[in-house]
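Note sheet for the following structure.
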Amino acid sequence: MRIISLAGSPRIPSRSSALLTLSQRWLQQQNIEVISYTLHDFPAEDLLLGNFNSPSVKTFTAKLATADGLLIATPVYKASFSGALKTLIDLLPERALEHKVVLPLATGGSIGHMLAVDYALKPVLAALKAQEVLQGVFADDSQIILEGEQTTLSDGVAIRLEEALEAFYLALNRRKPSVLKTPLNLLTRQTA
Ligand SMILES: Cc1cc2nc3c(=O)[nH]c(=O)nc-3n(C[C@H](O)[C@H](O)[C@H](O)COP(=O)(O)O)c2cc1C
């Protein structure tokens, strides 16, 4: 099982990326291969100038095609997900998330914007034909303390993150293509 993780904050250090890093570790402990990307893996010029032939974006798209799921993190910027993340998403093919399970993570300065993933990011993931977008995790800045390499989550966020990761893990396993042993022939069955 393989997933792509994508950090959608343009900033370093980043609270949303810290959530992603903790999630990656958890998934790796369940023997899931994680291919990790940040926006810094793409030339800014390719993203800003909409270079659909960008080699980095093409490689990302190819890796995404081989993955079972996407773990995506973003800060809330101006009541939405980050514009830098949108510049990458705009370069992906229309069906980039077909057959994939997606777990979104977000951080924001105010819980007033905790629904930004639902009203802003989820419709975009649906436009890329994601098979299943799970209930994500939102944390406000006071719930994530960054000290160098160390990240401390409030108890509430730690519990919600673990529950979301368990749901992601189960959904990834559910999505394994089931092979129909006998064809249903629904379209060719003759009526009497
Ligand atoms: C340009 C900018 C716009 C922001 N807009 C919002 C906002 O509309 N709502 C909110 O709750 N937080 C907002 N914030 C706060 C960030 O969402 C918050 O600090 C987040 O944790 C940053 O994530 P990061 O460290 O991964 O970049 C904004 C921050 C910046 C820099």
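We count ligands from 1, going down the list as the structure has it; atoms in each ligand are counted the same way. In what follows, every heavy atom counts, from backbone to side chain, and hydrogens, waters and symmetry copies are set aside.
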Task: ligand 1-proximal atoms of T107, by part, heavy-atom distance under 4.0 Å - done: both
Open item on the list: Test of understanding: given a 4.0 Å heavy-atom threshold, classify the contact between S9 and ligand 1 as side chain, backbone, both, or neither.
Closed with: side chain
Which protein non-hydrogen atom lies closest to [atom], naming both residue and atom, and how far is it?
atom: atom 25 (O) of ligand 1; value: R15 N, 2.8 Å
atom: atom 9 (N) of ligand 1; value: H113 ND1, 2.7 Å
atom: atom 11 (O) of ligand 1; value: S110 N, 2.9 Å
atom: atom 30 (C) of ligand 1; value: Y77 CE1, 3.5 Å

Is any N or O atom of [X], backbone or side chain, closer than 3.5 Å to an N or O atom of ligand 1?
X: V76; result: yes
X: G109; result: yes
X: K78; result: yes

Any salt bridge linking [X] with [Y]? Criterion: basic side-chain nitrogen under 4.0 Å from a carboxylate oxygen.
X: E98; Y: K129; answer: no
X: R175; Y: D68; answer: yes
X: R174; Y: E132; answer: yes

TODO: Please examine the side chains of I72 and L103, heavy atoms only from C-beta on, and report whether any two atoms are closer than 4.5 Å.
DONE: no
- [ ] Would you mind reporting whether S23 and L161 have side-chain heavy atoms less than 4.5 Å apart?
- [x] yes
TODO: Determine the interplanar angle of the Y169 and W26 rings, folded into 0 to 90°, and report it as parallel if under 30°, tilted if 30 to 60°, perpendicular if over 60°.
DONE: perpendicular
TODO: Any atoms of ligand 1 less than 4.0 Å from a non-hydrogen atom of A79? List them with their elements.
DONE: 7 (C), 8 (O)
- [ ] Just jot down the ligand 1 atoms closer than 4.0 angstrom to any heavy atom of D141, in number order.
- [x] 18 (C), 19 (O), 20 (C), 21 (O)
Open item on the list: Counting only heavy atoms not in L146 (residues, nucleotides, ligands), do more than 12 fall under 6.0 Å from its CG?
Closed with: yes
Task: Option set P75, G108, A84, S142, criterion heavy-atom distance to atom 23 (O) of ligand 1, minimum - done: P75
Task: Expected output: side-chain Y119 to main-chain A79 donor-acceptor under 3.5 Å - done: yes
